[in-house]
Structure formats: C-alpha cells, structure tokens
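Note sheet for the following structure.
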Amino acid sequence: MRNPRYDILFQPLAIGPLTAKNRFYQVPHCNGGGYRDPSAAAAMRGMKAEGGWGVIFTEQTEMHHTSEITPFIELRLWEDKDIPSIAKMADAMKTHGALAGIQLAYSGINGPNMYTKEVPLAPSALPIRTFTNDPVQARAMDKADIKNLRRWFVNAAKRSKRAGFDLICLYGAHGFGIFQHFLSRATNQRTDEYGGSLENRSRFAREVVADMRDAVGDTMALTMRVSLDETIGELGFSNAEVRDFISMNAELPDLWDLAMGTWEDCSGPSRFKEEAAQEAWVTGIRELSPRPVVGVGRFTSPDVMARMITSGRLDFIGCARPSIADPFIPRKIDEGRVEDIRECIGCNICITGDMTQGMGRCTQNPTWMEEWRRGWHPEKIATKGQSDNVLIVGSGPAGLEAARAAALRGYDVAVAEAREEFGGRVARERLLPGLSAWGRVADYRLFQLKQRPNVQLYPGSRLTADEVLEFGFQHVCVATGSAWRADGVARQHVVALPMDPALPIFTPDDLMTGRLPKGRVVIFDDDHYYMGGVLAELCAQQGCTVTLVTPSAFVSDWTANTLEQRAIHRRLASLGVTIRLNTGIAAIRAEEVETNCTYTDQRGRIGCDAVVLVTSRMSDDGLYLALKSREGEWADAGIRSVKVIGDAAAPAPIAWATFAGHRYARELDEPDWGDALPFRREVTLLED
Ligand code: ADP
Ligand code: SF4
C-alpha cells in the first residue's frame with residue numbers, strides 16, 4: 001500500500017515521443033564490467049527493470065573508435081558487430097516496461113586512445129585531460145573532422161535504434177563528453193563559428209541534435225547531459241552559462257539531464273556531500289525550458305525525492321548509486337515498504353570497479369554485478385537446504401549480512417556478539433568525522449533481522465570454543481573481525497618497527513574507543529585507504545598539532561579510486577595538518593620519530609608527543625583456530641561445518657565483508673565448488 005505522499009513519483013511523464021511510466025530515472029553509471037562482461041552488465045540493468053525504474057541507462061558507450069578511454073572498461077559501439085551485446089542490455093532494460101537509454105560518449109579531450117592508437121580529436125589542441133596525465137595531446141578538429149563527427153553520431157544513433165534503445169543521452173558532463181568540450185571556453189579556444197560566443201560554442205550541439213532527430217527522432221528521445229557547473233571558475237562552463245545555454249536552446253533535447261562538475265564533484269562521497277547536494281545549482285533551471293529535467297544527488301529518501309518534484313526543482317529523480325545499493329527502491333516505495341530500502345552509504349566502493357578495471361562491488365548490495373555471474377538476486381534467495389540452524393559469531397558487516405541472508409533462506413539463526421552493541425567495525429567507524437552514513441550497513445541489517453521470528457540476537461556474548469561446542473549448532477560462521485596492529489607492520493615494515501616504549505603509541509581502535517592522543521601527533525599512514533586521513537581530521541578537530549606521514553606520493557592514496565583523494569587532501573590542508581609525502585618512519589624514539597625519504601633514504605626527525613599507527617590489521621581468528629583444532633569433537637557436538645569469513649579471514653574494506661557474509665549464506669548446504677570456478681564467465685569467441 002503506497003503512501004499517497006509518494007504518488008507524484010509514480011505519475012507517467014512524456015520524454016519526446018515516449019512516455020516514462022514513473023519518475024525513477026537510473027542515470028548512466030559505470031560498473032567495471034562493460035564490454036568485457038556484457039551479460040553480467042545486461043543482467044544488472046535487468047534487475048533495475050524488475051525493481052521498477054521507469055528509465056534505465058547504460059554506462060557511457062564509446063560511439064566511435066577515434067575516441068576511447070582505455071584502461072576504463074565501458075561499452076563500445078564502433079561497428080555493427082557491437083550491436084548484439086548492447087542489444088542484450090536493451091532487452092533486459094525493457095523487460096518490465098522501462099524505457100531503455102544508451103549514453104553515447106565521444107571523449108574528445110578526455111580520450112587518450114591507448115587501445116586504438118588513433119590521434120585524439122578535440123575542439124582545441126590541448127593535452128588529454130584524464131585521471132592519468134597521459135603524455136598525449138589532441139589535435140584540433142578542422143571543419144572536415146566536425147562533419148565526420150556529426151556523421152559518426154548519426155551512425156551511432158542508427159545502431160542504437162537497431163539495438164532496441166528508446167532514448168539516447170548525449171554526454172556533455174563531467175569533463176568527459178565532447179559537447180562540454182565545445183561548450184566550455186576552457187577547452188574550446190576556437191576562433192571560427194564553433195568558438196567564441198556561447199551561441200557559437202553551442203553550434204556543435206545544435207547540429208548533432210538536428211542530425212540525430214532527422215535520423216531517429218520520430219521514435220527515439222534525445223537527452224543532453226551537461227554539468228551544472230564545470231567548477232573551474234569563470235573560464236569554465238559555469239552555472240550562469242549553463243542557464244544561458246538552456247534558455248537559448250530551450251527545446252533542443254527532449255530532456256535535460258543535469259549532472260555536476262567533474263565526476264568527483266558529481267559522485268561526492270557522503271563524507272563530503274549530503275543527499276541533494278546539487279539543489280542550489282539546479283533550482284530555477286526547470287523554468288528555463290519546456291523540457292523535463294532530471295537531476296541527481298544520491299537520493300535515498302522518498303520524502304526528499306517527492307519534494308524535488310513538488311517543489312518544481314526536477315521532473316525525474318536521477319539515481320546511480322542509490323539504484324546500485326537497492327535496485328528495488330521504486331517497488332519498495334510503491335508497495336509501502338520504505339523501511340526496507342537498503343540505503344546507499346555513499347562510500348563510492350562501486351566506483352572502484354571502474355577505476356581498477358575490476359568487477360563492480362557495492363558495500364550495501366553484495367549481489368551487484370553478480371546477478372548473471374552467480375545468479376544472485378538482490379531480493380530473492382533459495383530456501384534453505386537440509387540443515388536447520390546456524391550460529392553466527394560476530395555482528396560486523398560480515399556476520400550481519402550472513403545472518404540476514406541465512407534467515408531469509410529460512411534457517412534458524414543465532415547471532416552472538418561480544419560487545420553490548422551490534423555492528424562490529426561500522427558501530428565504531430560511523431562515529432568518525434564524515435562517516436555517519438556508514439552506520440546504515442548495520443542499521444539496515446539489524447532492522448531486517450529484528451523483523452524475523454527465526455533470528456535470535458545475543459549482545460554481550462563473547463563466545464569461547466567450549467561454548468560453541470556445547471551449543472551444538474549445525475553450522476558455525478566465525479565473523480569475529482580484526483584489530484589494528486600496534487607494531488607498525490604493513491608495507492614499509494614487514495617485521496615490527498623499532499620503537500622506544502617511552503613514546504605513547506595509538507592504533508585506530510584506540511581512537512575509535514575514545515583513547516585519544518594529545519599535543520603533537522604523528523599519524524603514520526601505511527594503510528593508504530581512508531582511515532589515516534579520517535584520523536588526522538579527528539585529531540586536528542580535537543586540538544592536536546597533526547603531521548601525517550606516508551610513504552605514498554598522495555594522502556589516502558587508494559581513495560583516488562573512490563573519487564575522494566583530492567577532497568581529503570583539501571580538507572586536511574584546511575585543518576592545518578602538515579602532510580609529509582614519500583616519507584616513511586624508520587624508528588620511533590622517546591620524543592620523536594625518525595623519518596626516511598622513500599627515494600633516497602635521507603633521514604629526518606619530527607618531534608612529537610604521540611604516534612598513531614595506521615598500518616594494517618590482524619585477523620581476530622583465535623576462536624576459529626581453536627574450533628579447527630578440535631575438529632574431532634564436531635560430530636559429537638552436532639556441528640557439520642565451521643567457517644571463517646570477512647575480516648576474521650583476511651581484513652579488507654567493508655564491502656568485502658558483506659560480500660563474504662552473503663556468499664556464506666548462499667552456499668550453506670550447497671555442494672562445495674571443489675576445483676571449479678565459482679561463477680560464470682564470458683569468454684571471447686575467436687575470430688576465424
Ligand atoms: P567484519 O568486517 O568481518 O564483519 P568486524 O570487526 O566488523 O568484522 O566485526 C566482528 C565482530 O565480532 C566485532 O563486533 C567483535 O566484537 C565480534 N567478536 C569477536 N570475537 C567474538 C567472539 N568470540 N564472540 C562473539 N563476538 C565476537
Ligand atoms: Fe552506495 Fe557504497 Fe554501494 Fe556505491 S558501493 S552504491 S556508494 S553503498
């Protein structure tokens with residue numbers, strides 16, 4: 001039973017010649033699978049269709065071989081041969097009455113062409129602007145090139161139509177699409193009729209849309225995706241110019257798709273961006289054009305979504321990450337189950353699939369990108385096998401997800417947690433600066449567990465091997481987590497770091513449980529994900545004088561993959577944290593640390609009152625090893641299996657733990673994989 005407050009989200013609305021069944025619009029998003037894993041990517045989109053989205057888009061599709069962004073794995077539509085694999089995606093999108101959209105990208109100044117070896121083409125001759133500072137420059141397009149590119153867009157539109165798509169999104173946002181490169185004075189320094197005035201800079205967009213309308217506009221809708229502000233000041237395509245552009249070309253596309261800044265700006269993590277962070281930038285734009293407007297803002301709250309529409313800010317609610325964390329948001333709202341929404345936590349782990357060319361992962365939705373590979377459905381799971389009960393030891397992300405999924409299968413589940421509160425690491429990490437939304441990992445699962453009669457939760461229960469053997473559960477899942485090391489072992493030091501016990505040493509666990517350093521603090525980050533930067537922020541907030549020392553060339557190096565590295569550096573700099581890059585710690589003495597340059601080994605000293613070691617973690621696998629050593633007693637105790645999962649098996653980010661928990665529950669009572677590959681894989685057919 002839907003709450004009438006949300007009726008507005010389910011009103012159909014026309015986009016050009018088509019009608020979307022509701023206002024839920026999955027904007028284009030990458031996933032790491034792309035052209036390498038077309039069936040996996042197609043099944044993932046199909047899940048959004050089942051979940052009730054009205055419009056579903058592909059990731060960016062490289063529409064011509066003269067512009068590609070290797071090493072990033074997106075879709076390709078370079079020739080007719082590419083049609084079947086993207087047609088599979090279009091078919092999956094349309095299974096439940098959604099409109100299927102394809103995003104066509106010509107990457108221009110953003111495409112280094114590492115694979116095709118073509119000379120990049122852009123409005124003006126400038127170095128390629130990517131994440132990787134490739135030593136490649138683009139050639140400025142001449143009139144013949146512009147004519148060719150217009151034709152290539154038409155060819156791509158015709159192929160998109162043959163593949164079965166309903167909508168085409170022309171990519172001109174995030175600095176990634178050629179339309180922005182023409183629109184922005186920063187990347188368009190031409191002196192001909194395509195450069196100079198905004199009228200001239202818009203010419204290319206107008207011409208392409210007109211060409212495409214002639215070719216496919218009778219049946220397909222054309223949308224244009226631009227950033228609300230290029231975020232590089234007046235020289236860039238600013239919010240004021242975006243408004244002028246939309247006013248001047250009010251009826252150009254069938255829908256305006258409004259993204260923000262660079263990809264980092266648009267997909268800001270919850271640590272730096274609130275829900276609906278773009279509201280001020282988008283306000284008023286809808287009045288400039290008769291065309292509908294979609295905008296994003298990591299929307300997970302149905303009330304915020306409804307407000308965006310009733311207040312006249314947006315016509316469609318654009319979602320990428322929220323639709324990954326919960327592909328069933330529309331259906332849950334429609335069925336009056338808003339409390340079942342698995343809210344995105346804004347951690348940006350989903351983006352690391354693309355950034356590392358791995359397979360997409362989601363912290364909240366461990367089935368993401370496993371819909372085809374492993375046949376995992378985010379809402380459905382096979383009923384239980386022959387056995388009946390399972391004891392989960394530990395209630396971190398791994399234990400809670402194992403419990404949730406096993407309970408859904410119908411097992412009797414008991415969760416024993418040593419502490420008084422459930423949630424494991426997220427119960428503590430959610431208290432750190434900027435990480436409160438991460439608590440949703442525990443909140444969602446605890447709420448689900450509390451609804452079920454077949455689940456017992458035992459707080460304050462630190463179990464021993466004797467107790468586990470006494471209880472006699474058929475399956476025991478050890479998800480006891482890990483603890484931060486205090487001996488400095490990580491990458492620089494593979495054996496303990498020399499330390500004078502006179503200097504107080506802290507670990508992240510100390511800080512998270514309220515034992516805080518004072519005075520001059522050195523934070524040694526040899527972990528390189530978020531923790532070092534977050535603790536530097538915490539210590540600075542507490543009034544400490546903080547120096548962050550890291551052997552890496554960047555603060556919180558790995559967060560480049562979650563698009564927050566620059567924001568972290570900016571924040572630490574603004575808090576007055578001294579940042580020492582390319583620097584290790586060779587020894588800890590009574591009143592100082594001895595540093596070493598990672599290139600020359602030149603030594604230095606930093607006087608300090610305390611050191612925080614953010615190095616690595618040690619699995620808390622004592623219970624597992626004790627049970628393992630008593631395997632002979634399992635049968636008498638009625639135990640059929642004992643497994644260790646999550647950080648207790650090997651420490652990793654939270655998404656690894658929820659995946660491990662989910663996998664555990666799925667595989668309970670299933671035959672062992674043995675030597676077989678535990679997922680399906682797409683293998684390229686060889687050409688003759
Ligand atoms: P993961 O990320 O793998 O889920 P966490 O560290 O977040 O791991 O959670 C592990 C949880 O297990 C912690 O809350 C910890 O208190 C709990 N735990 C550890 N040992 C025991 C034990 N012997 N009995 C019950 N709970 C335990
Ligand atoms: Fe949201 Fe994190 Fe999942 Fe991405 S990985 S969808 S940011 S919860």
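This structure is a prediction, so every number in the text was calculated from the model and none was measured. One-based numbering, in listed order, for ligands and for the atoms of each.
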Practice task
Only heavy atoms count here, so choose which of Ala650, Gly396, Gly481, Gly646 is nearest to atom 8 (O) of ligand 1.
Solution key: Gly481

Exercise for the section: Could you check if a side-chain atom of Ser616 sits within less than 4.5 angstrom of a side-chain atom of Pro651, using non-hydrogen atoms only? Expected result: no

Exercise for the section: Return the residue, atom name and 0.1 Å-rounded distance of the protein heavy atom closest to atom 21 (C) of ligand 1. Expected result: Thr480 CG2, 3.4 Å

Completion exercise
shortest atom 24 (N) of ligand 1-to-protein heavy-atom contact is with Leu463 N, 3.0 Å

Practice task
Number the atoms of ligand 1 from 1 as they appear, then name those within less than 4.0 Å of a heavy atom of Ala479, with their elements.
Solution key: 10 (C), 11 (C), 12 (O)

Exercise for the section: Please could you name the atoms of ligand 1 that Arg425 approaches to less than 4.0 Å, counting only its heavy atoms? Expected result: 2 (O), 5 (P), 7 (O)

Handout entry: Heavy-atom nearest neighbour in the protein, as seen from atom 4 (O) of ligand 1, with distance rounded to 0.1 Å
Key = Ala398 N, 2.8 Å

Practice task
Look at Asp303 together with Arg307 and state whether they make a salt bridge at an N to O cut-off of under 4.0 Å.
Solution key: no

Practice task
May I ask you to test the Glu564-Glu264 pair for a side-chain heavy-atom distance under 4.5 Å?
Solution key: no

Exercise for the section: Check whether NZ of the Lys or CZ of the Arg Arg374 lies under 6.0 Å from the centre of the six-membered ring of Phe679 and within 45 degrees of that ring's axis. Expected result: no

Completion exercise
Note: ligand 1 atoms sitting under 4.0 Å from heavy atoms of Ser461 are 24 (N), 25 (C)

Practice task
Using a strict 4.0 Å cut-off to heavy atoms of Gly346, name the atoms of ligand 2 that fall inside it.
Solution key: 1 (Fe), 7 (S)

Problem - Pi-cation contact, Trp484 with Arg617 (under 6.0 Å, within 45°) - result: yes

Problem - Result of checking Arg342, Arg404, Arg331 against Glu379 for salt bridge (charged side-chain N to carboxylate O under 4.0 Å, His left out) - result: Arg342

Handout entry: N/O separation below 3.5 Å, Pro397 to ligand 1
Key = yes

Fill in the blank from the handout: In ligand 1, the atoms that come under 4.0 Å of a heavy atom of Ser482 are 6 (O)

Problem - Min N/O separation Ala418 to ligand 1 under 3.5 Å - result: yes

Handout entry: Cation-pi check, Arg515 onto Phe506 ring (under 6.0 Å, within 45° of axis)
Key = yes

Problem - Location of contacts on Ala657 toward ligand 1, heavy atoms closer than 4.0 Å - result: side chain

Fill in the blank from the handout: In this structure, atom 2 (O) of ligand 1 is nearest to the protein heavy atom Asp647 OD2, 2.7 Å

Handout entry: Heteroatom count (protein N, O or S) under 2.8 Å of atom 3 (Fe) of ligand 2
Key = 1

Problem - Residue pair Glu50 / Thr95, side-chain heavy-atom distance below 4.5 Å - result: no

Handout entry: Heavy atoms of other groups near Phe272 CZ, more than 12 under 6.0 Å
Key = yes

Fill in the blank from the handout: With Phe316 as partner, the option from Phe299, Tyr25, Phe24, Phe57 fulfilling ring-ring contact (aromatic ring centres under 6.0 Å, His included) is Tyr25

Problem - Close-contact set for ligand 1 against Gly424 heavy atoms, below 4.0 Å - result: 7 (O), 9 (O), 13 (C), 14 (O)

Exercise for the section: Would you check whether Val426 has a nitrogen or oxygen atom less than 3.5 angstrom from a nitrogen or oxygen atom of ligand 1? Expected result: no

Exercise for the section: Just do the ring pair (Phe, Tyr, Trp, His ring centres under 6.0 Å) check on Phe659 and Trp368 with the steps written out, would you? Expected result: CA-CA 10 Å; Phe659 176 83; Trp368 188 55; over 10 Å; no

Exercise for the section: Would you please indicate if the ring centroids of Phe328 and Trp53 are separated by under 6.0 Å? Expected result: no

Handout entry: Contact list for residues 470-480, test salt bridge (charged side-chain N to carboxylate O under 4.0 Å, His left out), sequence neighbours left out
Key = none

Exercise for the section: Decide if atom CZ of Arg630 counts as having more than 12 heavy atoms of other residues, nucleotides or ligands within a radius under 6.0 Å. Expected result: yes

Exercise for the section: Give the numbers and elements of all ligand 1 atoms closer than 4.0 Å to a heavy atom of Arg419. Expected result: 16 (O)

Handout entry: Six-ring centre of Trp656, Arg361 cation under 6.0 angstrom, axis tolerance 45°
Key = yes

Completion exercise
Going by the 4.0 angstrom heavy-atom rule, the piece of Ala427 near ligand 1 is neither

Exercise for the section: Counting heavy atoms only, name the option from Arg617, Arg462, Glu429, Glu417 that's nearest to atom 13 (C) of ligand 1. Expected result: Glu417

Handout entry: Side chain to side chain, Glu59 and Asn31, heavy atoms closer than 4.5 Å
Key = yes

Fill in the blank from the handout: Under 4.0 Å between heavy atoms, the region of Ala660 that gets near ligand 1 turns out to be neither

Exercise for the section: Specify the protein heavy atom at minimum distance from atom 12 (O) of ligand 1: its residue, its atom name, and the distance to 0.1 Å. Expected result: Gly394 CA, 3.1 Å

